[in-house]
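Remember, predicted model here, so these are calculated numbers, not experimental data. Below, chain A is the first sequence line, B the second, and so on; all start at residue 1.
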Amino acid sequence: MIKITLPDGAVREYPEGTNSMEIAKSISEGLARKVIAANVNGEIWDATRPIRNDASVNLLTWNDAGGKSTFWHSTAHLMAEAVESIFPGVKFWVGPAIENGFYYDMDLGGRQISEEDLRNLEAKMTELAARQNKYIRKEVPKAEAIHFFQEKGDEYKLDLLQNLKDGEITFYTQGGFTDLCRGPHIPDTGIIKALKLTNIAGAYWKGNEKNKQLTRIYGVSFPSKKELDEYLLMLEEAKKRDHRKLGKEMGIYTMDDEVGQGLILWMPNGTIIIEELEKLAKETEQAAGYQRVVTPHIAKESLYLTSGHLPYYQESMYPPMELDGTKYYLKAMNCPHHHKIFAAEPRSYKDLPLRLAEYGTCYRFEQSGELFGLMRVRCLHMNDAHIYCSKEDFAKEFRAVNEMYLKYFRIFGIDKYVMRLSLHDPSKLGVKYVNEPELWLETEAMVRKVLKDTNTPFVEVLDEAAFYGPKIDVQIWSAIGREFTLATNQVDFAQGRRFKLEFTNSENGHDTPLIIHRAPLGTHERFIGFLLEHYAGKFPLWLAPLQVKLLPISDKYVGYAQSVLESLKNADIRASIDDRSEKIGRKIRDTELARVPFMLIIGEKEMNDHQVSVRRQGKGDIGVQDVETFVRDIKSEIKLRS
RNA sequence: GCCGUUGUAGCUCAGUGGUAGAGCACUUCCUUGGUAAGGAAGAGGUCAAGAGUUCAAUUCUCUUCAACGGCUCCA
């Protein structure tokens, strides 16, 4: 007998060689039906794998992350089985579970696969699943495994085998399909009740674009039809919140083939949001001791040779234009221009920290396949600033920048974010990173210390730094689950020297300033894309392109509505009148759907009493107010940016 | 850049080898109303662009462009 410890601390005895499924059955049949896998001593195991020694066991069901991923991984095997039966001779690479489902990479030998094939595969998978084939685990000696895949002619699996040691190789078989796999898997295919193959994509072998491109099929599966339907419904809902859809619907931005890919045309409504964001940034930066500058969109090649950007980033810059033998580049970053402003005057330690801010327009020649709505574009407006400071001031300045981030996050209600400390990879010094090993370690330690001192939660990642120094990237998630880097806060110990930037220190010597690059609001493009999804288009009052819509009950009250409109406009409130000869119900509906924060209904009573009947978007009728009271209240709400 | 899919009215989408339709939106008229859709009429499309096959192409083929889903990349 062996002792099994359950999550609640209970210890039960079972015969040696029992398995998690047996354990579940001993607790209840209902539980046994739901068990997908089990966490045995911290490792996820098949529910049917024999347990030989005392162990702590946590049974996993669909509701556990480990259960879900096992379920999806097993569905990937089921898909492979279906693929193999329909396309004999296919070779497989890997088929993991991912955040929402699974995929399998395969070499179809040059064969193309269509949407129709996916439907056929789904049907085949459903058929195979219904057979309730067991997933059978088998430990295989390396020589035998190699022989198996040599017979099959699958060089991808042979490649995988190279890195595996004899004695740790396992095969899993379900129905007629055997795969090299460390597992774990669900007990049998019967519990896969609903599935959908979602899309086909090319994926480079081992993620390297120099390698052959394999065919990747994505899918998702569920233990019931109901859950699949819910998932599909969720996707529909997410679509409605997509910034590309909302941006068009709300007249925020447009794009045009003739202007060019990835080049955003900001429409009047989008421009209002841009101006409000800039107002916020300017106020905040002014209070924090920044000074504003304005710099050109282009510069000579030599500027980027000095900065060191050219060799690292030329491919991401628009090709140069040549005038009288001199090459000019559209700027992809603002820092070199700002450095030249620093260099334009002699600087004393008394001038530092010098903080230069600009909503700079940058152009980046992103690969065409990378462009994505507002999130990834070729012309962007960055909430940029560079702080030139001494080493002594660094911690204080870096900390102040972090606090600015947090201030913005509060304003926009961003509570899901991760600060990612991006470090250099020492093996790439001189290639991807400036070859200053000691400065790297020193600045990385400085940044880490600030994060620790301020109790800022962060993760560290290797090989993600800028070429000139470590950085903090802020990862955020939009309301529909899109993750991206919003903002970045970087330390730069390299460009100061490259530009020979200097200040006179208190001992009358010369020092090179450290530079902090920071962009808390990222770019207008990405940030507004984020905000659209974050708010589902229902912007808070201060950002809403149209803040108030006046809805006269009939034509008779348009005159009075116009006088109210005057009062609102005099108070700098963005308002307009719906003077269509429509019924009030219709006007309310249209205004609600247009996501206007306030509606003022104006009829006989309001006109006589110099009042307005106020309706708040999403909340409905909130009563009658004097015009002056309404203006005062709304003004204060706008000012608070709440 | 690579793999795959898609491209018909402002939007969402039907449809056909014989030069096109619906709903919503839009315009005009009627209606003048009290908190989420009043009625009627009208206008609107080189069917992404170019080439080929054909008596005839929006439809079939090819190329280009763009968008979308991924991969790779992302200062």
Participant: Which part of the nucleic acid, if any, lies within contact of A:I584, taking any heavy atom under 4.0 Å across all strands shown: a base, the sugar-phosphate backbone alone, or nothing?
Facilitator: sugar-phosphate
Participant: Using whole Å, report how far NZ of A:K549 lies from P of B:U35.
Facilitator: 20 Å
Participant: Is it the case that the base of B:C68 and the side chain of A:R244 share a donor-acceptor contact (distance under 3.5 Å, atom types as modelled)?
Facilitator: no
Participant: What about A:Q213, does its side chain sit under 3.5 Å from the base of B:C2 through a donor-acceptor pair?
Facilitator: yes
Participant: For the pair made of CD1 in A:I264 and C1' in B:A66, what is the distance, rounded to whole Å?
Facilitator: 14 Å
Participant: For A:G585, answer base if it contacts any base atom (sugar-phosphate contacts may also be present), sugar-phosphate if it contacts only those atoms, and nothing otherwise; contact means non-hydrogen atoms under 4.0 Å.
Facilitator: sugar-phosphate
Participant: According to a strict under-4.0 Å criterion, is A:Q261 in side-chain N/O contact with OP1 or OP2 of B:A67?
Facilitator: yes
Participant: Rounded to whole Å, please give me the gap between CD in A:Q490 and P in B:C74.
Facilitator: 13 Å
Participant: For B:U28, what is the paired nucleotide under Watson-Crick or G-U wobble rules, both distances under 3.5 Å?
Facilitator: B:A40
Participant: For A:S613, report the nucleic acid contact type (base, sugar-phosphate, nothing); a contact means any heavy atom under 4.0 Å.
Facilitator: base
Participant: Under 3.5 Å, is there a donor-acceptor pair between the A:D473 and A:Q490 side chains?
Facilitator: no
Participant: With heavy atoms under 4.0 Å as the rule, sort A:G207 into base, sugar-phosphate or nothing.
Facilitator: sugar-phosphate
Participant: When the distance from CZ of A:F372 to P of B:G1 is rounded to whole Å, what number comes out?
Facilitator: 19 Å
Participant: Is A:N199 touching bases, backbone alone, or none of the nucleic acid, heavy atoms closer than 4.0 Å?
Facilitator: sugar-phosphate
Participant: Does A:Y218 or A:K587 map to a spot on RNA chain B nearer the 5' end, using the closest nucleotide for each?
Facilitator: A:K587
Participant: Donor-acceptor pair under 3.5 Å: do we get one between A:Y557's side chain and the base of B:G34?
Facilitator: no
Participant: May I ask you to verify if any side-chain N or O of A:T215 is less than 4.0 angstrom from the OP1 or OP2 atom of B:C3?
Facilitator: no
Participant: Heavy atoms under 4.0 Å, any strand shown: does A:D555 hit a base, just sugar-phosphate, or nothing?
Facilitator: base
Participant: Pick base, sugar-phosphate or nothing for A:A203, based on heavy-atom distances below 4.0 Å to the nucleic acid.
Facilitator: sugar-phosphate
Participant: For the rings on A:F467 and A:Y433, is their centre-to-centre separation under 6.0 Å?
Facilitator: no
Participant: Can you check the A:R586 CZ to B:C24 C1' distance for me, whole Å?
Facilitator: 9 Å
Participant: Ignoring hydrogens and angles, answer whether the base of B:A37 and the side-chain atoms of A:R589 contain a donor-acceptor pair closer than 3.5 Å.
Facilitator: yes
Participant: Rounded to the Å, how far apart are A:K248 NZ and B:A67 C1'?
Facilitator: 12 Å
Participant: Does A:A466 or A:L214 map to a spot on RNA chain B nearer the 5' end, using the closest nucleotide for each?
Facilitator: A:L214
Participant: A:Q367 side chain N/O closer than 4.0 Å to the phosphate oxygens (OP1, OP2) of B:C73?
Facilitator: no
Participant: Taking atom NZ of A:K500 as the centre, does the number of heavy atoms from other residues, nucleotides or ligands within less than 6.0 Å exceed 12?
Facilitator: no
Participant: Roughly how many Å is it from CD in A:E604 to P in B:U35, rounded to a whole number?
Facilitator: 16 Å
Participant: So for A:R364 and B:C73, does any side-chain atom that can act as donor or acceptor lie under 3.5 Å from a complementary atom in the base?
Facilitator: no
Participant: What I want to check is whether an N or O donor and acceptor connect the side chain of A:S581 with the base of B:U31 at under 3.5 Å.
Facilitator: yes
Participant: What's the CD-P distance between A:E366 and B:C2, to the nearest Å?
Facilitator: 17 Å
Participant: Answer with yes or no whether the side chains of A:S307 and A:Q495 bring together a donor and an acceptor at under 3.5 Å.
Facilitator: no
Participant: Mind checking A:E606 for me? I need base, sugar-phosphate or nothing, with any heavy atom below 4.0 Å counting as a touch.
Facilitator: base
Participant: Do the side chain of A:E592 and the base of B:A36 come within less than 3.5 angstrom through a donor-acceptor pair of N or O atoms?
Facilitator: yes
Participant: Are side-chain heavy atoms of A:E464 and A:H424 found at a separation under 4.5 Å?
Facilitator: no
Participant: Does A:R420 have more than 12 heavy atoms from other residues, nucleotides or ligands lying within 6.0 Å of its CZ?
Facilitator: yes
Participant: Within 45 degrees of the axis of the six-membered ring of A:Y363 and under 6.0 Å from its centre: does A:R378 put its NZ or CZ there?
Facilitator: no
